[in-house]
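Note sheet for the following structure.
In this text, all values refer to a predicted model and were calculated from it rather than measured experimentally.
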Amino acid sequence: MELARGDREGAGQFALTFAATTGTVEVLKRVTGVERPDGSNDLSFPSGHAARAFSSAPYVRARHGLLPSLPLYAGALYV
């Protein structure tokens, strides 16, 4: 969306935020070694989906304000 708006700086900031979140989650998954409920592997915690969902909401809040970020916070809470 930031690129569609022509906001290259914002797109770069979001990409960095997303990459840092994803990298942190992957490291923590390997350090914690929490087994999935179905026993398929030991990479269940922390949730990558939840972490990425929550990384988007604060970015939008910082860049665009509280009101545009509220749907993202709601979606992240659902995840």
query: Do Thr21 side-chain atoms and Arg52 backbone N/O form a donor-acceptor pair below 3.5 Å?
result: no
statement: Between the CG atom in Leu72 and the CZ atom in Phe54, the distance rounded to the nearest 0.5 Å is 10.5 Å
task: Among residues two or more places apart or on two chains, list those pairs meeting side chain to side chain donor-acceptor pair (under 3.5 Å) that have a residue in residues 68-79.
output: none
task: Check Ser55, Ser47, Pro46 against Val25 for a side-chain contact (heavy atoms from CB on, under 4.5 Å) and give me the one that passes.
output: Pro46
Residue Arg61 excluded, over 12 heavy atoms near CZ under 6.0 Å: no
- prompt: If you take all heavy atoms of Pro71 and Pro68, which pair is closest and at what distance?
  reply: CD-O, 3.4 Å
task: Report the hydrophobic cluster partners of Leu70, with the cluster defined as I, L, V, M, F, W, Y residues connected by side-chain heavy atoms closer than 4.5 angstrom, directly or transitively.
output: Leu66, Leu67
field: N/O donor-acceptor pair under 3.5 Å between Tyr59 side chain and Gly10 backbone
entry: yes
message: Taking ring pair (Phe, Tyr, Trp, His ring centres under 6.0 Å) as the definition, give me every residue that meets it alongside Phe18, ordered by chain and number, with sequence neighbours left out.
response: Phe14
- prompt: Are Glu26 and Lys29 close enough for a salt bridge, meaning some N to O gap below 4.0 Å?
  reply: no
task: Indicate yes or no: at least one non-hydrogen side-chain atom of Arg63 is less than 4.5 angstrom from one of Glu2.
output: yes
query: Do Leu28 and Phe45 share a hydrophobic cluster (ILVMFWY, side-chain heavy atoms under 4.5 Å, transitive)?
result: no
query: More than 12 non-hydrogen atoms from neighbouring residues, nucleotides or ligands closer than 6.0 Å to NE2 on His64, yes or no?
result: yes
